[in-house]
Amino acid sequence: MQERYNPLEIEKAWQERWSSSQPWKVSEDHDKPKYYLLEMFPYPSGRIHMGHVRNYSIGDVVARFKRLQGFNVLHPMGWDAFGMPAENAAIQHGTHPAVWTRENIANMRTQLKRMGFSYDWDRELATCDADYYRWEQLIFLKMLEKGLAYKKSAAVNWCPECETVLANEQVEEECCWRCDNKVVQKELDQWFFKITHYAEELLDETDRMPGWPESVLTMQRNWIGRSTGCEIDFSVYGSKQKIRVFTTRPDTLFGATFMSLAPEHPLAKSLTTSDHLREVEAFVSKVQSVDHAQRTSDDYEKEGVFTGSYCINPVNGAKIPVYLGNFVLMGYGTGAVMAVPAHDQRDFEFARKYELPVQVVIQPEGETLEAASMTEAWVGQGRMVNSGVFDGLDNETGKIKVTEFLENRGAGESSINYRIRDWLVSRQRYWGTPIPVIYCDDCGAVPVPEQDLPVELPTDIEFSGAGGSPLAGLESFVNTHCPKCGKAARRETDTFDTFVESSWYFMRYASPKFNLAPVDREAVNYWLPVDQYIGGVEHAVMHLLYARFWTKIMRDLGMVSLDEPFENLLTQGMVCMETKSCPKHGWLYPEEIDNGLCSRCQNTVVSGRNEKMSKSKKNVIDPDGLINRFGADTARLFTLFASPPEKDLEWNEQGVEGCSRFLNRVWRLVYENLPIIKDADQVNVEQLLPAARELRRQVHRTIKKVTEDIDGSFHFNTAIAAVMELVNSISAFPDKQSAPEVMREAVESVVRLLSPFVPHIAEELWQNLGYDDSLEHSRWLVWDENALSAETLLIVVQVNGKVRGKVTVPADADKGAIEAAALADANVARFTEGKNVRKVIVVPGRLVNVVIG
RNA sequence: GCGGGUGUGGUGGAACUGGUAGACACGCUAGAUUUAGGAUCUAGUGCCGAGAGGCGUGGGGGUUCGAGUCCCUUCACCCGCACCA
């Protein structure tokens, strides 16, 4: 055995071995319990970053651990390979997106292998392969048939920078999720997936997903945004037209004193009387000139204009004026709101501004509201008043009764409204899955026949960077014939949102080479659902909601029998580092700093906040550099040890060195003790001296702790800490020579317990301990309950809740004996002397509290 | 505004069903060894105090023999949604 730990050398050797033996290649095996462990696949940007290192290190621990526990573990890896950066690279450097992507994949695959992650590389897939996206196109065709995919013209989010439309989920604070530029609204004809059809199921299911973090479920619930209420028809005075409103407060219907319509409401024009025409037109154009961001901002002043028309309240026949309101959104509910100023704050402000009547119809418990003196709306509970036959009802009952009343008269019906909109999936970009549709002047939009799939993305394409999809200018792609009538026709040139590919890749992994259908049912039945999914919380709504939706689509198309794709979800925290900047040169990379000075101008470097690692702020650590200095095992160990997975991880150079030191210590532990333990036998439990017995106790306690910390909770940091403690104890163990068997068990346990975290060094040490077979083929350690129990226990003695002494008692001592020992302690006696002992609380195995007074 | 989360030493973080707060690691201090070390080893390290002891888990209050943990209240920061009718 070598004296020095040489991580680079041993890691290379083990990786070569793994590369040829493919130890993690799996197939369906019905004799073993399956375990599907998945980490979110990366976009092939070219190089892995610390976020990947963390994500995949966490996953790899679980994969290796589950394998050692006897599970048949599916642990695949692949590439989310379509997307904008490839196109930008093409425009900037003239490299074809396909070439750029392939090169990046090759690089990143090498990097992942250098980290020692245990993937079944045989199942590797890239979403830009026609063998992958052809199945997506097929599913799309089936969705078209069922009406789950459709095209419509709508006001959509347009990112001028990316020159494409975006789904609602992909707009963050009015900015593009990818490039962070302002998004504008545009009326465009686009493809949608009917996710709203599944809103109910997607929402209800969240109550039955105990394996997901509550925060993610909450975000999804908020995003889906169900509100229950009813829709009510108000007929227009002197006309046959009706205005339909949605409200969650039918109990306040008697308090409606006016109506507010969105400026874009289809009836807005026809309801405007000639004498109000000028004001209304001025108002509408003013609202339209304001962008969406401003219009929905907090301090945007509520304004409106009277149309000149009136409508009739269906419950009391009241004639109320119809206004247009700048705060009413056409995109939610029906675009029309019955205004109840006494019980809605917006309506209240509007009413006060335009001097419209306020009618109280809900009286709160214990006070009496007067419309004239109110300073804000009462939005809470109460009893109904001024509401005809409903007077006296509590308002919650009133909601039901009023709705029933309306239903009986055909003036309304109960209704559920969702905030979520259908998923806009078409993108005006090249590097994506072509949408398999052909436009014919006579037949309209015609689906590409199944036998003509895949519609392959052409590669002979020019990237001018001039804007618009390059596909649209490629005559050889665009010009085709109508599958129905054979006439000359044009292909759809939009491609799918790349979130479509990531919505089902986890199912394709079950049978990545299957060529008869998107997935092999049998394989999916065996492997799915994913037992543990791990990734960043930034996908809480987008990817995770789309993937749930798509799973239900495939289920309803009869392709899989699965309701939910991910049994357990772990959202890992971000990897953060302090930003550094120079007053002259701005943000600085760590390697641009010498002793706290900017290496270019010698100015003092200013430390900024701890923030998520990002290239733009240069607070990044390159994984390759880290591996070159310390080895992959140290990199893995640090990311796992520095904080629990769900929390943010603060990068710390010294912490990395500490982990490297620890692995060196483990290496020495084996090296130095090898002469003692080399020929040691099994432990003979009967003949152990107390110190050896104690060490062995700690060995088994550690096995138990590491097992439990990994298994349920992923508390790798405490698991590693426990092994560190064990290493410290073994080093300090005085009787090494006289207890070689215990030493061997202890040292071997350290190696085996560390193997899921730092597999290379563990395998190497294992071999040096004299084993020919890989640790991969061994079983995870099981602790011996008998070894855990101690002969004596340390009991803390408190006087009035303050620790005053500690006594050691036999493990089987009864309460009386413990109490006697406690009271006999000299320091305890100092505090109890001459005092009245009122009570003694004895918690066996823990403490004694003497209450004096 | 609504919803969710987090506050513990100089730092990252531990603490099972209420039962020794600060495991483990980093950093720091002193010493040993070394030509030197970003190597290794030993001892120490929450704060105040010479000590006995006192004080300590964002702040205030409560329940309890006993509270980081339970209850009430308040503050700060982070995340998501936000004129959603």
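This one's a predicted model, so the numbers in the text were calculated from it and none came from an experiment. So that the names make sense, note that chain A is the first sequence line, chain B the second, and so on, each numbered from 1.
For the pair A/Arg419 and A/Trp223, the cation-pi test (distance below 6.0 Å, angle within 45°) is passed.
Remark: C1' of B/rC84 and CG of A/Asp347 are 13 Å apart, rounded to the nearest angstrom.
Among the heavy atoms of the strands lying under 4.0 Å from A/Arg668 are primed sugar atoms or P, OP1, OP2 only; no base atom is included. At a threshold of 4.0 angstrom between heavy atoms, the contacts of A/Asn728 are confined to the sugar-phosphate backbone, with no base atom among them. Across all strands shown, A/Lys802 has heavy atoms under 4.0 Å from sugar-phosphate atoms exclusively, and none from any base. Within the nucleic acid shown, A/Val843 comes within 4.0 Å of at least one base atom, counting heavy atoms only. Within 4.0 Å of A/Glu657, counting heavy atoms only, lies no atom of the nucleic acid at all. Residue contacts shown for A/Phe831 are limited to sugar-phosphate atoms, with no base heavy atom under 4.0 Å away. Using a 4.0 Å heavy-atom criterion, one finds that A/Arg421 contacts no nucleic acid atom at all. Within 4.0 Å (heavy atoms only), A/Arg221 reaches no atom of the nucleic acid at all. Within the 4.0 angstrom heavy-atom criterion, base atoms lie near A/Leu794.
In this view, A/Glu396 and A/Gln381, A/Asp394, A/Lys399 satisfy the side chain to side chain contact (heavy atoms under 4.5 Å, CB included) rule, not counting sequence neighbours.
RNA chain B is contacted by both A/Val796 and A/Gly655; A/Val796 maps to the nucleotide lying nearer its 5′ end (nearest heavy atom per residue). When each of A/Gly658 and A/Val803 is assigned the nucleotide of RNA chain B with its nearest heavy atom, A/Val803 is the one assigned upstream, toward the 5' end.
Using N1 to N3 plus N6-O4 or O6-N4 for Watson-Crick, or N1-O2 and O6-N3 for G-U wobble, each under 3.5 Å, B/rU45 pairs with B/rG27.
In the set B/rG53, B/rA25, B/rA23, the nucleotide with an atom closest to the side chain of A/Phe641 is B/rA25. Looking at the side chain of A/Arg661, the nearest of the listed nucleotides B/rA85, B/rC24, B/rC26 is B/rC26. For A/Gln654, counting side-chain heavy atoms from C-beta on, the closest listed nucleotide (B/rC26, B/rG19, B/rG4) is B/rC26.
For A/Trp651 and A/Phe638, the gap between ring centers is short of 6.0 Å. Between A/Phe258 and A/Phe350, the distance from one ring center to the other falls under 6.0 angstrom.
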Within the sub-3.5 Å range, which N or O atoms of nucleotides 14-18 of chain B have a protein N or O partner, and how far apart are they?
| residue | atom | partner | partner atom | Å |
| --- | --- | --- | --- | --- |
| B/rA14 | OP1 | A/Asn717 | ND2 | 3.1 |
| B/rC16 | N3 | A/Arg846 | NH2 | 2.4 |
| B/rC16 | N4 | A/Arg846 | NH1 | 3.1 |
| B/rC16 | N4 | A/Arg846 | NH2 | 2.8 |

Atom pairs, protein N/O to nucleotides 30-35 of chain B N/O, distance under 3.5 Å:
none

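Put simply, the side chain of A/Lys302 and the base of B/rC83 share a donor and an acceptor less than 3.5 Å apart. At a cut-off of 3.5 angstrom, counting only N and O atoms as typed in the model, there is a donor on one side and an acceptor on the other between the side-chain of A/Asn849 and the base of B/rC65.
Ring geometry, A/Phe757 versus A/Phe716: the interplanar angle exceeds 60°, so the pair is classed perpendicular (tilted spans 30 to 60°).
A/Asp207 and A/Arg221 are joined by a salt bridge, as a carboxylate oxygen and a charged side-chain nitrogen come within less than 4.0 angstrom of each other.
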